[in-house]
Amino acid sequence: MRLSPSLGVAAVVAGLLSVGAALLAMPDASLLWAVVTLAALCGHALTASGTARVRWGVATGAGVFVLVAAANLLWHRGWGTDAGDLARGQATARAYLLERWQDGMDRQRIIVWGLVLGVLLLAVAVSALPARGGRHGVVTTLLAPAALVWCGLSVASTPGEPPLLDLFAAVWPGLLAVLVTAGVLAASGWRSDRRGLLPTGMILLALVAVGACSALASAWATWWTLVEPAEDAFLQPGIMISVGAPAASAIEVSSAVEMAVALGGVGLAVVGALRAHRETEGR
């Protein structure tokens, strides 16, 4: 079908625009193009040829990522700094910061739950692919536990020394996202396409899951530090807040890399699953 390749090209172009906007510190534009990219990938999967289980599993997984990106865009547009309230006093500023960090944790939880659901739907498509074996399966089987260990170490080494059990109780959705992504990563190598696009995409999604879990842990630790100050402290430090608009950096490399990894992971996983299915049908 001609529509499917056209949507694939549109997804590539929109993805490049999203990464470019992130690099130029334009988060709204970057998230908007990310929504377009993921929607085009969803349409590409729906209009591709092949078994319905593979197409619909891939398409619905991409559709969940569309919803997550759209929610992230709406959250970002609704986020604002009320400089007047911040300037009224330390108590008001502290309450404001606690609310902002709580919103940030809610945002991270939406991301990780969307990642869990999206990856599970991709797993439906991956499970419909025949097992092939080969070096891809060995590599992904070794990388899956490595992702789990990396995530555990990053959470355990969260700065601020919060109670470890409370920390794990707060970030368990992120840990679940890493666990689910690592499981699909391990399986993807054994059902990979010849070019290894599917396992490469799952590796990138595993990086996204680890990063999201680490960000959730960091946000919770900062929130806990403000809520539960040290009992043996004699002085309460003030909170320095700039009420003016800070000068934004002209180049945001880290944001661009994060966007490239996220969109690249979803794109490669979608295209790789469809390609593996076509290669199987062509036997």
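Heavy atoms only: backbone and side chains are in, while hydrogens, waters and symmetry mates are out.
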Polar side-chain atom of [X] near backbone of [Y] as donor-acceptor pair, under 3.5 Å:
X      : Y      : result
Thr37  : Gly15  : yes
Asp193 : Leu198 : yes
Ser192 : Gly189 : no

Euclidean distance, [Y] [atom2] relative to [X] [atom1], rounded to 0.5 Å:
X      : Y      : atom1 : atom2 : value
Leu32  : Asp28  : CG    : CG    : 8.5 Å
Leu46  : Trp56  : CG    : CH2   : 5.0 Å
Leu205 : Leu122 : CG    : CG    : 7.0 Å
Leu263 : Leu41  : CG    : CG    : 8.0 Å
Met202 : Leu268 : CE    : CG    : 11.0 Å
Gln108 : Ser214 : CD    : OG    : 9.5 Å

Exercise. Go through the steps to decide whether Val112 and Leu176 satisfy the test side chain to side chain contact (heavy atoms under 4.5 Å, CB included), and finish with yes or no.
Key: CA-CA 8 Å; Val112 297; Leu176 178 63; over 6 Å; no
For [X] and [Y], work out which heavy atoms get closest and say how close.
X      : Y      : value
Thr181 : Ala209 : OG1-CB, 3.8 Å
Val68  : Gly114 : CG2-CA, 3.5 Å
Val171 : Ala217 : CG1-CA, 3.5 Å
Ser188 : Val126 : CA-CG1, 4.3 Å
Ser18  : Ser30  : OG-O, 2.7 Å
Val58  : Ala273 : CG2-CB, 3.8 Å

Requested in this report: Under the side chain to side chain contact (heavy atoms under 4.5 Å, CB included) rule, what do Leu23 and Met259 come out as? Steps first, then yes or no, please.
Outcome: CA-CA 9 Å; Leu23 184 64; Met259 185 61 69; over 6 Å; no
Donor-acceptor pair between Trp190 and Thr141 side chains, under 3.5 angstrom:
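Judged by distance alone, the side chains do pair up.
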Worksheet item: Any luck finding a side-chain donor-acceptor pair between Ser127 and Arg53 under 3.5 Å?
Response: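 A donor-acceptor contact under 3.5 Å links the two side chains.
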Is the distance between the ring centroids of Trp113 and Trp172 under 6.0 Å?
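Yes - the distance between ring centres of Trp172 and Trp113 falls below the 6.0 Å cut-off.
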Among the clusters formed by ILVMFWY side chains lying less than 4.5 Å apart, do [X] and [Y] turn up in the same one?
X      : Y      : result
Val257 : Val208 : yes
Val266 : Leu121 : no
Leu207 : Val253 : yes
Val119 : Ile111 : no
Val210 : Leu179 : yes

task: Decide yes or no on side chain to side chain contact (heavy atoms under 4.5 Å, CB included) for Leu175 and Cys151, but give the supporting numbers first.
output: CA-CA 7 Å; Leu175 298 174; Cys151 179; 3.7 Å; yes
Would you mind reporting whether [Y] and [X] have side-chain heavy atoms less than 4.5 Å apart?
X      : Y      : value
Phe168 : Leu165 : no
Leu143 : Ile203 : yes
Trp150 : Val178 : no
Val116 : Pro173 : no
Val35  : Leu31  : no

Inset, instruction - Determine, stepwise, if the pair Trp220 / Asp166 fulfils side chain to side chain contact (heavy atoms under 4.5 Å, CB included). - result: CA-CA 10 Å; Trp220 185 87; Asp166 291 346; 3.6 Å; yes
